[in-house]
Amino acid sequence: MTLNLHNTYTRQKEAFRPIDPGNVRMYVCGPTVYDDIHIGNARPLVIFDVLARVLRDAYGDGNVTYARNITDVDDKIIERAAENGEEIEALTVRTTENFHAAAAALGCLPPDVEPRATDHIPQMIALIEHLIGKQHAYAEQGHVLFDVPSMPEYGKLSGRNRDEMIAGARVEVAPYKRDPADFVLWKPSADDQPGWDSPWGRGRPGWHLECSAMSEEHLGASFDIHGGGVDLVFPHHENEIAQSLCAHPDDSFARTWVHNGYLMSEGEKMSKSLGNFYTVTDLLVEFPGEALRLALLKTHYRQPLDFTRDGVREARQELNRFYRALALHETGVSDGEAHAVPNDVSDAVYDDLNTPLALSGLHAAADAAFAAETPEDVAAATGALKAAGELLGLLQQDPEVWFQGDGDAAIDALIAERIAARDAKDFARADEIRDQLAADGIVLEDGPGGTTWRREG
RNA sequence: GGCCCGGUGGCAGAGUGGCUAUGCAGAGGACUGCAAAUCCUUGUACGUCGGUUCGAUUCCGGCCCGGGCCUCCA
């Protein structure tokens with residue numbers, strides 16, 4: 001099946017053709033580790049996790065290399081560490097751990113490679129020297145700048161020309177720049193700032209450089225997909241292109257550029273003062289990570305997404321229905337087939353990751369499970385639902401765990417007491433127990449196979 | 001100011017030049033000791049003004065509204 005992807009570089013949906021189907025390579029910009037990630041950071045995390053799953057589905061598990069970097073040298077990190085009175089490494093290690101925990105809770109598989117900027121300083125310095133040698137960069141007052149006018153095609157990804165950028169520039173032009181559009185590849189570090197020895201003195205890399213150096217190190221100078229949020233199109237990705245293409249003019253750098261749309265929160269731009277700034281860690285106290293993931297996938301990745309708590313609640317309701325359907329499946333009963341992803345689901349996902357449309361296919365599979373009349377039919381329908389869920393990174397828990405968590409002996413005891421009361425036709429006591437559990441958010445269901453329960457937030 | 005994206009039923013959200021997804025919430029019914037779940041029924045939306053067309057929510061243009069980017073925010 002052909003995978004279609006919207007390519008920011010051409011502004012069109014294109015049939016995806018990997019350079020090497022035996023090693024499909026994707027690079028995604030990961031977090032700068034100075035603070036816990038917020039829900040806006042979670043969107044690309046989840047989107048590109050889905051894309052990685054789709055690539056593995058299309059080309060085979062072992063034939064995809066997904067690289068996602070950790071930016072662990074950055075001025076924001078320096079500032080934050082100073083504010084906290086914390087060592088820089090303590091901050092970056094702690095934040096990285098939180099990031100990994102959040103990603104796991106959101107159902108994201110680890111990338112195949114997770115390069116750190118600080119592990120690639122020699123490669124960055126070599127890249128700078130290469131660019132200087134090709135007259136695309138120059139050293140000035142301890143800084144090294146990329147010479148934007150040396151690259152006539154600069155601006156193609158973001159669709160802007162240099163004049164526009166200069167006209168709109170909000171920031172004063174630094175005196176060491178030959179051209180206002182030039183950007184920093186290397187900058188000097190003060191004694192109390194992290195720094196590495198270089199031909200231009202002790203300093204640290206500019207932000208854009210690391211992605212050019214690390215993608216080349218791990219994926220090569222030509223690779224298939226480069227992803228990130230739309231706000232990275234300019235300047236970050238534009239500058240990566242400039243660095244990488246000027247260093248390696250015979251290579252293509254990334255061939256397909258995939259960008260997810262912006263996220264708003266509760267109808268407004270997320271900001272701490274508005275009280276709509278949600279970190280993933282905070283949201284996880286209130287909601288299952290899987291509900292957050294579904295809430296993010298209910299909107300097409302290129303559309304703007306208004307993230308709301310109500311939206312997460314709705315996602316959780318949908319997951320309840322999916323897991324109810326999965327719970328219909330009796331262990332041990334098999335319809336004798338390996339379960340494929342239903343065609344409507346894979347068609348949707350392969351068409352530029354149309355996850356909202358794909359989800360309608362999951363609902364159809366759930367309907368089929370409820371309508372099934374034999375255990376084999378149930379097994380077939382739930383198998384299809386689970387396979388479809390896996391492609392999206394959903395529905396991989398045991399339904400009992402989804403509904404009940406780790407279980408609770410006190411609840412089991414009350415349910416046993418209620419069953420005894422019902423058998424004795426003591427409905428007053430039975431209802432009393434129902435109400436008591438309901439007050440704690442526990443919903444009971446009396447079915448033909450006995451009484452089950454679930455937590456409702 | 002320049003560039004870009006979006007405005008779909010109560011809400012969320014796909015999609016399409018003509019047969020109008022899907023979900024959540026709501027209403028009615030079946031079922032149920034009660035409830036939940038499930039099933040059935042129900043709700044005819046596409047910002048606005050023009051244009052193209054036999055026909056536009058879907059194409060084109062103006063306008064209005066919302067959002068984003070314009071040197072380090074995913």
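Just so we're clear, the structure is a prediction, and the values are computed from it rather than from any experiment. Residue numbers begin at 1 in each chain, while the letters A, B, ... track the order of the sequences.
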task: Identify which nucleotide among B:A74, B:U71, B:C39 has an atom closest to any side-chain atom of A:N260, counting heavy atoms from C-beta outward.
output: B:A74
message: Distance alone, cut at 3.5 Å: any donor-acceptor contact between the side chains of A:Y278 and A:E266?
response: yes
field: B:U41 to B:U53 separation - C1' atoms, rounded to the nearest Å
entry: 38 Å
message: Between B:U42 and B:A25, how far apart are the two C1' atoms, rounded to whole Å?
response: 14 Å
field: Side chain of A:S360 - closest among B:C24, B:G6, B:U22
entry: B:U22
query: Can you tell me how far C1' in B:U48 sits from the matching atom in B:A35, rounded to whole Å?
result: 49 Å
field: Residue pair A:E216 / A:S244, side-chain donor-acceptor N/O under 3.5 Å
entry: no
message: Taking any heavy-atom pair under 4.0 Å as a contact, classify A:H38: base, sugar-phosphate, or nothing.
response: base
- request: Go through B:A74, B:C72, B:U71 for me and flag the one nearest to the A:A181 side chain.
  value: B:U71
- prompt: Looking at B:G13, B:A14, B:A74, which one has an atom nearest to any side-chain atom of A:Q303?
  reply: B:A14
- prompt: Between atom CG in A:L297 and atom C1' in B:C24, what is the gap in whole Å?
  reply: 17 Å
- prompt: What nucleic acid atoms does A:L263 come within less than 4.0 Å of, heavy atoms only: base, sugar-phosphate, or nothing?
  reply: base
statement: Checking N1-N3 plus N6-O4 or O6-N4 for Watson-Crick, or N1-O2 and O6-N3 for wobble, each under 3.5 Å, the partner of B:C63 is B:G47
message: Any base atoms under 4.0 Å from A:G40, or only sugar-phosphate, or nothing? Heavy atoms, all strands.
response: base
message: Using the side-chain heavy atoms of A:F370, tell me which of these nucleotides is nearest: B:G67, B:U38, B:G6.
response: B:U38
- request: When you get a sec, tell me which of B:U22, B:A14, B:C34 is the closest nucleotide to the side chain of A:D446?
  value: B:C34
query: Would you say A:K298 reaches B:G23's phosphate, i.e. side-chain N/O to OP1/OP2 under 4.0 Å?
result: no
message: Between B:G61 and B:G28, how far apart are the two P atoms, rounded to whole Å?
response: 48 Å
- request: Please determine if a side-chain N or O atom of A:N354 lies less than 4.0 Å away from the OP1 or OP2 oxygen of B:G15.
  value: yes
field: P-based separation of B:G62 from B:G1 [nearest Å]
entry: 15 Å
- prompt: What is the pairing partner of B:A30, taking Watson-Crick or G-U wobble pairs with both distances under 3.5 Å in any strand?
  reply: B:U38
- line: On a heavy-atom basis, the closest approach of A:H237 and A:C29 is NE2-SG, 3.3 Å
field: Watson-Crick or G-U wobble mate for B:A12, both contacts under 3.5 Å
entry: B:U22
field: Separation of the P atoms in B:A12 and B:C4, to the nearest angstrom
entry: 27 Å
- prompt: Does A:K425 make a side-chain N or O approach to OP1 or OP2 of B:C34 shorter than 4.0 Å?
  reply: no
- prompt: side chain to side chain donor-acceptor pair (under 3.5 Å) with A:D72: which of A:T118, A:T96, A:T92?
  reply: A:T118
Candidates B:G33, B:C72, B:G23 - which lies nearest the side chain of A:K187: B:C72
- prompt: Counting any heavy atom closer than 4.0 Å, what does A:R418 reach on the DNA or RNA strands: base, sugar-phosphate only, or nothing?
  reply: base
query: How close or far is atom P of B:C11 from atom CD of A:E266, stated in whole angstroms?
result: 16 Å
field: Centroid-centroid under 6.0 Å between A:F253 and A:F223 rings
entry: yes
message: Looking only at the side chain of A:R434 (C-beta and beyond, no hydrogens), which of the listed nucleotides B:A37, B:C34, B:G68 gets closest?
response: B:C34
- request: Measure from the side-chain heavy atoms of A:P235 and tell me the nearest of B:G23, B:A74, B:U71.
  value: B:U71
- prompt: More 5' along RNA chain B: A:G267 or A:R43, using each one's nearest nucleotide?
  reply: A:G267
query: By centroid distance (under 5.5 Å) and plane angle (under 30°), are A:Y262 and B:G67 in a stacked arrangement?
result: no
message: Can you confirm whether more than 12 heavy atoms, excluding those of A:Q141, are under 6.0 Å from its CD atom?
response: yes
task: Take atom P in B:U22 and the same atom in B:C59, then report the distance between them in whole Å.
output: 23 Å
message: Under a 4.0 Å threshold between the charged nitrogen and the carboxylate oxygen, would A:R80 count as salt-bridged to A:D74?
response: no
message: Taking B:G13 as the reference, what is the distance to B:G9 when you measure between their P atoms (whole Å, please)?
response: 11 Å
message: Let's test this: given Watson-Crick or G-U wobble pairing with both distances under 3.5 Å, identify the partner of B:A56.
response: none
message: On RNA chain B, does the nearest nucleotide to A:E318 precede the nearest nucleotide to A:H236 from the 5' side, or the other way round? Give the residue.
response: A:E318
field: Identified side chain to side chain donor-acceptor pair (under 3.5 Å) partner of A:Y323 from the options A:R454, A:E290, A:E400, A:E318
entry: A:E290
message: Under 4.0 Å, counting only non-hydrogen atoms across every strand here, what does A:R422 touch: a base, just sugar-phosphate, or nothing?
response: base
message: From the set B:G13, B:C39, B:A37, return the single nucleotide nearest to any side-chain atom of A:R321.
response: B:C39
query: Hey, does A:R324 reach any base, or is it just sugar-phosphate, or nothing, if we go heavy atoms under 4.0 Å?
result: sugar-phosphate
